[in-house]
Each structure stands twice: as C-alpha cells, then as structure tokens.
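Since the structure is predicted, the reported quantities are computational estimates derived from the model, not experimental observations. A, B, ... follow the sequence lines: proteins, then strands. Residue 1 opens every chain. When reading the values below, keep in mind they use all heavy atoms of this one structure, side chains included, and skip hydrogens, waters and symmetry mates.
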Amino acid sequence: MAENALPKGYEPRDVEARWRAHWEENKTFHAGPDAPGEPYAIVIPPPNVTEMLHMGHALNLTLIDVLCRHARQKGKNVLWIPGTDHAGIATQNVVERMLAKEGLGRRDLGREKFVEKVWEWREDYGGRILKQIRSLGASVDWDRLRFTMDEGLSQAVRKVFVSLYNEDLIYRGKYIINWCSRCHTALADDEVEHETSKSHLWHVRYHLSDRSGSVVVATTRPETIPGDTAICVHPEDERYTAFIGKTARVPVLGREIPIIADRYVDREFGTGALKVTPCHDHNDWALGKTHNLEFLQVIDENGIMMSEAGTYAGLEKMECRNRIVADIDAAGDMVLVEDIEHAVGHCYRCHTVVEPHVSMQWFVRATAMAERARKAVPENSATVANCPDGTTEIFPATWLKTYYHWLDTIRDWCISRQIWWGHRIPAWTCADCGQLIVAEEAPQQCSACASARLEQDEDVLDTWFSSALWPFSTMGWPEQSKELAKYYPTAVLVTGFDILFFWVARMMMMGTHFMGQVPFHHVYLHALVRDASGRKMSKSLGNVIDPLAMIDSYGCDALRFTLTSFAAMGRDIRLSEDRIEGSRHFVNKLWNAARFALMNLPQNVPPPVDLDRVEGVHHRWILHRLEIAKEQMNLALDGKSTNAQGETISSPTGAYRFDEAAQLAYKFLWNEFCDWYLELIKPDMQSDATRQTAQYVLWVTLRELLTLLHPMMPFVTAEIWQALPEGSGQDLAREPYPQMRPACVRPEDASRMECIQEVIVAVRTIRAELGISPSVRLNVLLHPEDDAQAQVLESARQMILSLARLESLRIGADVQAPKASAFHVVRGCQVIVPLAGAVDLESELARLEKEMAKLEKERENVGRKLANESFVQRAPEDVVRKEKERAAQLTDALTKLSALKERFSEAMREGD
RNA sequence: GGGCAGUUGGCUCAGCUGGUAGAGCAUCGCCUUCACACGGCGGGGGUCACAGGUUCAAGUCCUGUACUGCCCACCA
C-alpha cells in the first residue's frame, strides 16, 4: 500500500483559497484570439458595482462556470469576460445616502465634485463584488476586467449615440415621460413597476358654462383637476352627445374647458366621461395632441403644486388631493366616492410612485431596431434561412412569445436621465444661436455661428444604454479588434429572465444594428432563486440566504452543486439551507472515496492493463457505466454527444440541462462507484493476482470521474486530482474531457453484473427482514437458471461472499434447499438462505407470502394485458414480446417460490 | 384585460419520442463491517389537482375546470 494520503476531513476553506490563488496567479483562464480551438465566449452579466453577491449571482455565475469549464475540457478557446456595471441611479443613490450622513446633498458639492465622490466610492467598494465573484470559483479572464464607464466603453457609447443620432434613430423632444420625484429623473417604461393598490374613484360634477346642465367625471387623481383642459366623452354616447362642443367649468377653479369627443373613451367605465389633463397623464397627453388642447402643467418635478394650480400652489400633491376633495365636497359637487383597486406605477429603484411628467428628453426610435432583433430569433428552423444577422436561440423556448410580444409593442425608449452619474449625453447647445451639436468629442466651436459658448446637455444616459453594447464594447469595439473577429458573436448569454427586456432584447437590437450580427448564438434564461416556501428573497422578509455565508459553512462546491442540481429549465428555484448541507455530504462522499482509492493505489501510476480486454465482470461493468456517464454528461450540457459507434446523437431534452448533469454525477459517484465498485474491489486488493487490474481500473475511473465532476465542483476535484499518482502538481482545470472508449461499452457485461447485484440484494433483504444480525455470516445456496448464469455467479463468488457477508456459498443445479430456508428468486436463480434455529420461521413465512403476493399481482396485470386481443394485435411487436417475457419470468419465479414455500411449510409442521 | 408557467409520496423536485411511477431530504428497523455515522444495509409511503376525450395502453397527447405563481397592459 502506498503512503498517498488525503487529510481525513475535507477542509473547503483552505483548499478553495489555495486553488483560487493558483488559478489566478497562473492565469489559467486567460484567453486570447491567437490560441487554438473553436471560439467559445461568454460575457458576464455585469453586476452593479453597488451590489453584494446574492443567490441570483451565485446561480448565474455557477451555471456560466459549468459551461466554460466544460467547454474548455472540450478543447474550445474559452473566453469569459468579467466586469461590472456603473448602475447610474442605484450607485448615485448609494453615494447620496452616504453624503446625507454627513449632512450633504449632491447639489452642495456640485456636479464635478459629486462625480469625483462616486469614483472614489467605486475605488473603495467597487471591488467587493469582484472579490465575491472570485470566491465562487468563476473561471473568468481577470486580465479583461471591464467597467461600463471605462474609457473604451465610454467611447463606444458616444460613438453609438452619435451614429444613431445621425441615422435619425435618436431624437430629442418634449414628451410626457415617467418621472421619479425621489430619484429626480425620467425613467423608461420598463423601469416602472405596476402594483395594484386600494384607492378611490371620485365622481366629480363639472357644471356647463351655459348652466344648461352638468357632466360627472370619474377620476383617481383629483389633484390633477387644476390641470384639466378638456372633458372627453364617447361620440356615440347618448348621455353626452348634446354636450359635445360646449364648455364646462373646472370645479373650484372655475376655468372654462371644452367638451370633446373621442372613441378612445370607454363608455362602461366610471361615468363614461373623462377629464383630460394632458400634462399629467399618458393617455391625456395623446388626447391633447390629437385634439390640440391646451397643455397646462400644475405639478412640478418635486411633486409640488405649481402656480397654475391657483389656491393650491405650493402644496404637496397628496395634500392638494385632500384639500381639493374637501373643497369639491363643500361645494356639493362630489357625487360619489367609490372604493377601487388599480395599478399604480412605482420606480424600480426606490419604489416611489411615478408621476407622468412633461419634459425635454432624448429617445431612441425603437421600432425598426426591434424588428431586426425579432427577426434574428426565428420561430423555427424553417425561417432560419431568412436571417441576415445570424440567429439566436432562446432556452427555454417558452420565452419566445414574451420576447416577440415585447418587441412588437415596443415604444420609443427614453434614454436620458436627470442624474449625474453615468455617460453624459454627447450633445451641446450653442448659447448664442441655439444650434444643437451632437459629437463624439467636445466641439471647440459652434458649427453654425462659430461661437465658443457651447453648453453640454446636463443629462446622462440610461444605464441600459451602455449595457446594451456590452457583448462588443467589452471586446474593444469600435476598434476592429482581433477579439471581435474571433469571439463575436458570443456562444451563449446566461442570465435571469427578469432582464430579458431591459438587457437581452436591447443587446439584440444594438448587436444586430452595429455589428450586423447577433450578439450571441444562444440565450439561456435561468430561474429566480426563491426561499423554501417560494417567496422572493428580500432583506425586508429576512429570508435571504447569503451565498458567502453558505460557502463559509458548507464549502463552495456544495453551494455550486446545489444550484446546478436545482437548475431545471423553466422553474423557479426554491433554495433551502438543508439542500446545501446535503450537497456537502456529497462532496464529502467524493472526498472519502478518493481517500480510499489513494490508500489502495501505488505511489506511481499503476501499470496499465488493456481496458478493452480487461478481465472481471465488475471492472467491465464500471468501465461500461463510465462510458455511459461520459456520454450522458455531454447530452445534458451540450444537447449532443458522440456514441460508441462514433455517431452524433442528440438529447431529446436539449442542451443546458444542468439538473440532469448534476443528477447523473450524483448517481454515478454514489450509487455505482461508491456503493458497488469500491466494495467490489476490496477483495481484489487483498490478492496479488487481482490487485494490479483493480488498481488500474480504479485509477482510470476515478480520474475520469473527477473530470466529469470538475465543472460543477472545481475545488474538491482539483484537490483530489493533484494528490493522485501522476496528478501531483497538475491542474485538473487544464485537463481535457476524457476520450470515449468505444470497446468498453458492453451492455451484456453490465447485465451480468446486475444479476450479481440482485443476488446480493436478495440475501441482504432476507437478512434485514428476518432480523439476522450483520455479524452473522450466512451460508447461502444458489440454484442458477442455466449454465451460463452459473458461470457468471461462479466467477463472482468472491464478490458475493464479501458483499453479502457470507460464510460459504454453494452454486449448482444440484443444491438441495434445506426445508427451513428463506428464499428468493432472482432472474430465475433461486437464492436459498438456510436458517439457523434462532430465526423466527413465522416471519420468514410472512415475508415470503408478501413477496409472492406482490409478484402475483404483477402477473395478473401482465396477464390481463396479454389476454387483451387488441393489445397483442396493435401494440408494437417488441412491447408485446417484452410483456410475454415478463409473464414467463413471473410465472417461473412464482412456481419456484411456491415449491420452496411448500417445503418450508413442511419444515414448520415438523418443527411444531 | 391579455400571455406564460406550475399542480406527481410528509417536504423539494425529476419523469425525453405515451408501454409496469423515480430521486434527495424526512421517516421506520438493523449496524461503531479496516474510505465515509456528512456513513452502510434494508423497509414503509403516491387513486400523478379535477372532469371529459383520443388510444390496445396516458403522469406523459387533446379539451375544459379549479387553485398557485409570474409577466405584459395608458380603462380615467
């Protein structure tokens, strides 16, 4: 025995720290366009610099890492670009909060100073998330770390802005947008989250100016009444047709407004009459435009009533609401106050209620770009031919419709933000002549009047504007870099479905427009991580499971394995700590299996034996199972594999089946390698005649098994690998995927081994159910079905003796079962366990009867099927054949068992 | 109002092209067997949400219902 040894317990903390450092120092994951291999690139979904690592990141990074490490094993040229997002509003909020503690506001500092502060903050804290990415073992290329505000990426942003402007795809204008009065900025439509909340529908009477009558309108926002510039009714609504063209007076304020008609009005809702406030409602804005109404702004960007609101000027809007409701009520014009539930928009960053607000903003004209992005994701392979930009496939395909729908109904994208942290809009206005100049670099003088008094636009761009360029801006665009030539389009984008619109769709739009090529071939959308009862993890609920704490308690591999095994497509992940603990047990199992192997392996590489012709049914079996595992792992991750005949086969369930990959690894390691193979070779290790073969097969199997597991659990596998003979000092992360060994695929041998296993299980079952102590060594008789089976069992004599814990084993057609024996029939082989006096015969009889009843029931089912003529006629031949075989098998087993039971009953009678 | 998922043992989930219901955890019994008690061996536990339909055969395909969750949406 060798002195190879691993410590008794696996200590993830030390091991992980060592490998993390090793991989980084050796630049193991550095990639470059000149290296060989088919390109395989992935860009990280850049976390916000402000963020701390949460389970969503952990899942995302783990899945990407599994793909990257697997692709590297397959000899691909793998580039994984890491980076972070400047996250405009979020980061500005964080720094503002920090300043607030010192009693400072951003305006106290001024723009320049404030932005400086943010950069300082980023210097101090921006590295946190990067460190946390490291702790997960993500195999990114750290030499290519990017930040959306890097000079290179900022240049890309300016270039894109200017090009789109010159193509008339970016324009500036005064429009109604979503305004967050807390963040003090415009928001894009999808940055507004709608939530239903309880409110009231106020029915307010508006008197006609000519005193001929009144119209009651229903509103959810009485505070906007001062901004009313019309009342709108449906043109065919008999209740109101007489009023159309007349004027009415705004309650309390008394201003005169027209009554107009538009088919937009829903006659069923409220009173069927609508007050129109063009400056404070999106719909009313549109109505105001078509009907050429007055635009009257009464609420300012801080949510305070403006001078146009008359007596209400200066009030906060909610206060105004209360006052105006009271005043209308006092005037006797509040007809009804209804309780309703309706959707109210909130800021996705700070959750403040969003106010429709009219202001000068920049927009991207989205329709044409959206159409191109849509076309690049064909519905089926038939339409692939018509895709000049290449194609992107979305996994799981259930998201396809959602993607289409969003692009089909897209509206122009508001890209300007009234904050200071971000890419400042490259547009200047001439203070003298008002000329607008859009340019990549600051112009020296006005292009129209040559004035030098140019003022840059105050706004910055939406954060998603720069992240939309991420797949190519990180590779050096607008330079025609070697990276772009080699790695673009990237292989796959892995991200959560929650940013399908924010990010994925916009990358598709920008990628197709500027590169003429989709940014990625595949999009894999993973689930959200929830808590054990399905709730979203949030600090306020206190149900957050911190990945770093989990890594600390259970090890990174345990966390990674848990996330991988949970990542079934199209389903949210309900994570609980005991699942992670369960995975730690798995990691530990591997560790201990490796310890056992090392105790039994020589110091050096064991002398090879010819695996294609290796003796020993258990060796042949494990090698067969190993081949299957290799194939299955490919199928699960790539969706395709090469089989023993060298043909390409594809998985019916497609690629990115992380859950399948994990389960496969789990079963192979635990249920096959540990439960059976390691036990089976223990006797081999005791004898010079068998040791060498066992050592070699063990060594090969363990090495390949480690390779298969490595993408999911890189640390523990790397640690074991370097302790193995020939692994010492080497890095598993650089090891290729094990070659297929077609000659080792031998289903007949696997079947023989299964027969042996079933015999062993039969003895164990008898022992357990009859309460025979494991320490009692049994004498067992086997009466095989035929000579071939006899030979198989004979060859496995040592294994059966060992695993079933036997004193002696007799195999033969001539064995005579003592009357007082326990029985089982396995594949036609009678398994006979003679019972010593101490055993309770009654319980054996009960056990036997239970067993027979089970078989009897099954035989009935099968019999019924075969008796059904239409089954025999219509079912496929091999299904019928299988059923017939099964029937014969059951009959045989029952015949044998009832004969044995007869003898057994005799024994009991004699015993009495 | 539209769209999309989900509903399988106590819990969390697999189940591909329809052919005798699986796993992990939990549970019960036995076991300190020289890799592992973070372990070993064996057992118990499911009318696959409900109702129809297609089929020789349905957890698996079709239709409908119920419940849960998510996304989208400018009915004030």
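Aromatic ring orientation, A:Y677 versus A:F673: parallel (interplanar angle below 30°, classes split at 30° and 60°).
OP1 or OP2 of B:G40 has at least one side-chain nitrogen or oxygen of A:W670 nearer than 4.0 Å. For the pair A:K8 and B:C36, the criterion of a side-chain N or O lying under 4.0 Å from OP1 or OP2 is met. For the OP1/OP2 pair of B:C36 and a distance below 4.0 Å, the side-chain nitrogens and oxygens of A:H585 include no atom meeting the criterion. Within the 4.0 Å cut-off from OP1 or OP2 of B:C38, not a single side-chain nitrogen or oxygen of A:R584 is found. Phosphate proximity of B:C25 to A:R579: absent, as no side-chain N or O sits under 4.0 Å from OP1 or OP2. Distances shorter than 4.0 Å separate none of the side-chain N or O atoms of A:K401 from OP1 or OP2 on B:G3. Distances shown here put a side-chain N or O of A:K589 below 4.0 Å from the OP1 or OP2 atom of B:G40.
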> What dot-bracket string describes RNA chain B from 5' to 3', counting Watson-Crick and G-U wobble pairs whose defining distances are under 3.5 Å, with [ ] for crossing pairs and | for pairs to another strand?
Replying inline: (((((((..((((.....[..)))).(((((.......))))).....(((((..]....))))))))))))....
Using a cut-off of under 3.5 Å, enumerate the N/O to N/O pairs linking the protein to nucleotides 46-49 of chain B.
none

When you compare the protein's N or O atoms with those of nucleotides 26-30 of chain B, which come within less than 3.5 Å of each other, and at what distance?
none

Set out, line by line, the N/O atom pairs under 3.5 Å between protein and nucleotides 73-76 of chain B.
{"unit_1": "B:C74", "atom_1": "O2'", "unit_2": "A:N283", "atom_2": "OD1", "d": "3.2"}
{"unit_1": "B:C74", "atom_1": "O2'", "unit_2": "A:N283", "atom_2": "ND2", "d": "2.3"}
{"unit_1": "B:C74", "atom_1": "N1", "unit_2": "A:N283", "atom_2": "OD1", "d": "2.7"}
{"unit_1": "B:C74", "atom_1": "O2", "unit_2": "A:N283", "atom_2": "OD1", "d": "2.1"}
{"unit_1": "B:C75", "atom_1": "O2", "unit_2": "A:D266", "atom_2": "OD2", "d": "2.1"}
{"unit_1": "B:C75", "atom_1": "N3", "unit_2": "A:D266", "atom_2": "OD2", "d": "3.2"}
{"unit_1": "B:A76", "atom_1": "O3'", "unit_2": "A:T220", "atom_2": "OG1", "d": "3.3"}
{"unit_1": "B:A76", "atom_1": "O2'", "unit_2": "A:A218", "atom_2": "O", "d": "3.3"}
{"unit_1": "B:A76", "atom_1": "N6", "unit_2": "A:D266", "atom_2": "O", "d": "2.6"}
{"unit_1": "B:A76", "atom_1": "N6", "unit_2": "A:F269", "atom_2": "O", "d": "3.0"}
{"unit_1": "B:A76", "atom_1": "N1", "unit_2": "A:D266", "atom_2": "N", "d": "3.3"}

Expected rows: protein N/O vs nucleotides 8-10 of chain B N/O, under 3.5 Å:
none

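With B:G24, B:C36, B:U20 as the choices, the nucleotide that has an atom nearest any side-chain atom of A:N592 turns out to be B:C36.
A:E672 has no carboxylate O lying under 4.0 Å from a charged side-chain N of A:K667, or vice versa, which leaves the two without a salt bridge. Salt-bridge formation is detected for the pair A:K682/A:E679: a Lys NZ or Arg NE/NH1/NH2 atom is positioned less than 4.0 Å from an Asp or Glu carboxylate oxygen.
Aromatic ring centres of A:W399 and A:Y403 lie farther apart than the 6.0 Å criterion allows.
In the region residues 876-885 of chain A, proximity to RNA chain B at under 4.0 angstrom, judged on heavy atoms, holds for A:P876, A:V879.
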